Amino acid sequence: TGVIMQHFPHFIMGHLKYAYPADELMPLSCKGRVRGLEPNRGDIDDSLGKFSLTLIDTLDTLVVLNKLEEFEEAVKRVTKDVRLDNDIVVSVFETNIRVLGGLLGAHVMADMLRGQGKRMQWYQDELLHMAKELGYRLLPAFNTTSGLPYPRVNLRYGVLNPLSRTGTESDTCTACAGTMILEFAALSRLSGEAVFEEHARKALDVLWDKRQRGSDLVGTVINIHSGDWVRRDSGVGAGIDSYYEYLMKAYILLGDNVYLERFNTHYSAIMKYISQPPLLLSVHMHNPTVSVRSWMDSLLAFFPGLQVLRGDLKPAIETHEMLYQVTQQHKFLPEAFTTEFRVHWGQHPLRPEFAESTYFLYKATGDPYYLKVGQSIVEKLNAHARVPCGFAAVQDVRTGTHEDRMDSFFLAEMFKYLYLLFSEKSQLPIDIDNYIFTTEAHLLPVSLSTTQSPCRGNSTQPILPAEEDIFTYSCPSAQILFPNNPSFAKTIRDSYKYLTGVGRAPHAAAVRGIDLPLHDNGMEPVEFLKSMGISLTKLNDISSMASGGQKGTYRVKLIAEVSQTPEEEEVVPLVVQLISPPFLGRTVLTAGPAKFGMDLTKEEHGVKGSIVKSAPYSACGSIENAEELHGNIALALRGDCMFAAKARRLQEAGAIGVIFIDHREGSSSEETPLFQMVGDGGSTSDITIPLVFLFSREGDVLTRALEEHRNVDVLLLPRERQMGRGPLGMNIKIRLAKDGEQLTGASKGATIQLLLEPSEEEEEEEEGLGGASDSCNQKASHPSSPCLDEQTDSSEHGQQLPSPSPPTTDQQSDP
Ligand code: DMJ
């Protein structure tokens, strides 16, 4: 770790060598990324304003790394070369946090060094002047009726000018509008011009005013003119993240209690609805008990760090541990991962949020465990992202392929947090406790709240609720929160140790130390346990404390020999057979069973019903279409809550069965072994309807059928008993009637007649038309082959039925 840390400045200089004055380094091509010269990447390119983005974003990192000579040199370059009046459309949010924040952080450092009398003696606030110029170039974005800023601005022409090529947008993200206050207030207080802080504050006032009053949550996208919510999903990651961060930090930086009160209100809502340690969910802001997706994004990894600032260490430790395990499993945090810790979106653009939280947790706990986490981050970067000219983003954590991309936040944030994690306070050229980190990790002095406050009306009188004590406003102290318990963080983490399965020692959970009591029933303890079906074996590697005899206490390995362990249980394959026209039993979908609900193997004729999609589809909230579901078989999407909870709700709504459909795209029984759904750990005897599980490819067949045909009837039954095959089934065969075979009263001429015959064996002897029905029967000799009419376009329902996979003993509950 030390070696790579020493090389940090080298990488910064590498950027200068290959990329300057371009905005970013292309680490695989070893050249700078110049907007307009490279293929357009869409929104990501809105960070690039031809203003040497990476160098400005990295200036204060150089000071933290004690590279003061390099810092002085870089400031000279920036003040000499960088122009801020380019005819280019940039993101207001990104330009604020990266460039304005970078200039301000660097100015604060330059001012401090100048004050020490050795370096930067030539410096005459050039960076602050640049910051002010940039501030004025961003201000036109705030020219909306609501006060929420436009998402983009043309640095030269503003927003509404005919030459600006922007200004038609109507929406912005919550974080985009709510992440201005630190930089704009610092700019106001350092420059003496109140206008910046006033605009940023107004935008925050609007967001606060528009919060959902019932839940106290905000959505992710808002209309900048009307203030109406455009997207009402609410989490702590993408789209919202730094809005919450800036409320907390605005209080710390500016000392205004209004920000703290707003933060605390939102925080309580987050802890009530979104934080389900160790997970952080996304919910609907109006109906916050309903989860809106089954995956988390990597941006939310900053949240444990914010919880540390809030003094809420326990959930911070829990969520951070979960994130750490995801990085152990996938090397890096994928951009999105499911609540079951699988990759949802495999990209990793070297985001710093997890390193940031690791730093804050180490500072708060002093637990060396977090140094090990930091070490693993550094090692993985070194092993999987380092390329000769820098560090390359990972295109997909599953394949490890690189992208020709190194975002400016990598040097601005990742380097800074990792370096600070491994540094002693005394080694740093600044007293880090006197600064607050912006969302881009730029350093602003907390002294701004008391020393420079030119903005009258920008500070609200404290309204401290009487019942809150001073500790509500204090930084976390492990000593106060967990007195005399140096291993408190470990105790919390231990419950989440094997979340993703990574690092679990085989059968580790089966090994326990136990005390064997002596019984007065005359039986020796080992015999006594044996009589209960439990046998004990001495562990070879643990020396017996009571050598020889059976009396006393000794350590053993416990092997429970219960008659039928779950591992030995057989998973009985079921099917969902589509029986209404035009399917007529020919479409048969392999399904998995549940350990609870009706036992379909005991139902001779299976359970028949029409299918109806549950609303909500996840069946995790209250069921909105009970009337429609009544007497029918419900379709419900897997995820967000337990199978048992869904089943219970749907049964109450009147459904006579439930078909759960996997939420993982592309899963099929062809590739994944069947498993048994299990209950919720409690009694499930109240659930009496049949429950079956379809992987998503099979599920798609069913949902498409429902979309195309108004009524779809299905039969749920064991695979061995599906209609049209097997000893209990009836084969349907179509043939032309022979002469003289017509039923009395039937018209003359050729007719088509349905003959029901007892079994397929007999069919082999029959002379028939062959074709569709024969081929169907031949296929049916394979237990789960599709029984398709050859006239049917199999692509119509995508219904090449999967071949069987061996059933497994895996048992899964939901999510
Ligand atoms: C950074 O630019 C900032 O941290 C921002 O708030 C969101 N994320 C990126 C890095 O991931």
Side-chain angles (χ1 to χ4, degrees), residues 23-24 41 43-49 51 53-61 90-105 149 151 172-184 200 204 220 235-250 280 296-306 309 323 326-327 332-337 345 347-360 377 381 385 391-394 397 403 405-418 420 436-444:
D23 284 316
E24 278 179 358
R41 299 177 302 170
D43 291 356
I44 316 170
D45 283 343
D46 289 343
S47 304
L48 314 177
F51 36 32
L53 168 68
T54 301
L55 187 60
I56 292 180
D57 215 3
T58 310
L59 288 173
D60 57 7
T61 302
V90 292
S91 152
V92 172
F93 164 79
E94 298 290 358
T95 307
N96 174 57
I97 65 168
R98 303 193 199 198
V99 186
L100 185 57
L103 291 169
L104 289 169
T172 197
C173 74
T174 304
C176 302
T179 311
M180 307 296 291
I181 190 71
L182 295 190
E183 293 80 3
F184 270 40
L204 284 179
T220 45
V236 294
I240 303 183
D241 48 3
S242 43
Y243 161 62
Y244 293 137
E245 177 185 359
Y246 269 35
L247 285 179
M248 179 75 202
K249 290 183 176 176
L280 289 167
M296 295 173 270
D297 62 63
S298 68
L299 287 167
L300 58 72
F302 87 102
F303 198 69
L306 186 61
L309 284 187
L323 295 167
V326 177
T327 67
F332 300 104
L333 269 191
E335 272 297 71
F337 48 95
W345 180 14
Q347 195 190 26
H348 174 70
L350 308 178
R351 289 200 189 279
E353 285 77 5
F354 178 61
E356 174 184 348
S357 283
T358 305
Y359 165 72
F360 280 108
I377 300 174
L381 283 172
F391 288 82
V394 178
V397 295
E403 268 188 278
R405 165 177 179 190
M406 187 179 97
D407 290 65
S408 69
F409 50 68
F410 181 66
L411 297 181
E413 286 193 74
M414 183 80 100
F415 266 35
K416 202 179 276 152
Y417 283 123
L418 287 174
L420 285 170
I436 184 119
F437 294 90
T438 69
T439 194
E440 189 77 358
H442 293 305
L443 298 166
L444 297 176

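Treat the numbers as computed from the prediction; the structure is a model and nothing was measured. Residue indices begin at 1 and follow the sequence shown. Start at 1 and go down the list; that is how both ligands and their atoms are numbered.
Residue nearest to atom 3 (C) of ligand 1, selected from R98, E356, E413, R351: E413 (by heavy-atom distance).
Between Y417 and F360, the ring-plane angle classifies as tilted under the 30° and 60° cut-offs. In this pair, F437 and Y359 present their aromatic rings perpendicular. The plane angle is above 60°, beyond the 30 to 60° band.
Under 4.0 Å from ligand 1, the heavy atoms of I97 that appear belong solely to its side chain. Looking at D407 against ligand 1, nothing comes within 4.0 Å, counting heavy atoms.
Counting protein heavy atoms only, atom 2 (O) of ligand 1 is closest to E440 OE1, 2.5 Å. Scanning the protein for heavy atoms near atom 8 (N) of ligand 1, the closest one is E353 OE2, 3.0 Å. Scanning all protein heavy atoms for the shortest distance to atom 6 (O) of ligand 1 gives T439 OG1, 2.7 Å.
At distances below 3.5 Å, at least one donor-acceptor pair connects side-chain atoms of D297 with backbone N or O atoms of L299.
Residues F332 and L381 have side chains in contact (heavy-atom distance under 4.5 Å, counting atoms from C-beta outward). Residues F93 and S242 form a side-chain contact, since some pair of their non-hydrogen atoms from C-beta on lies under 4.5 Å apart.
Under a 4.0 Å N-O distance rule, the pair R405/E24 does not qualify as a salt bridge.
Each of the following atoms of ligand 1 lies closer than 4.0 Å to a heavy atom of P352: 10 (C), 11 (O).
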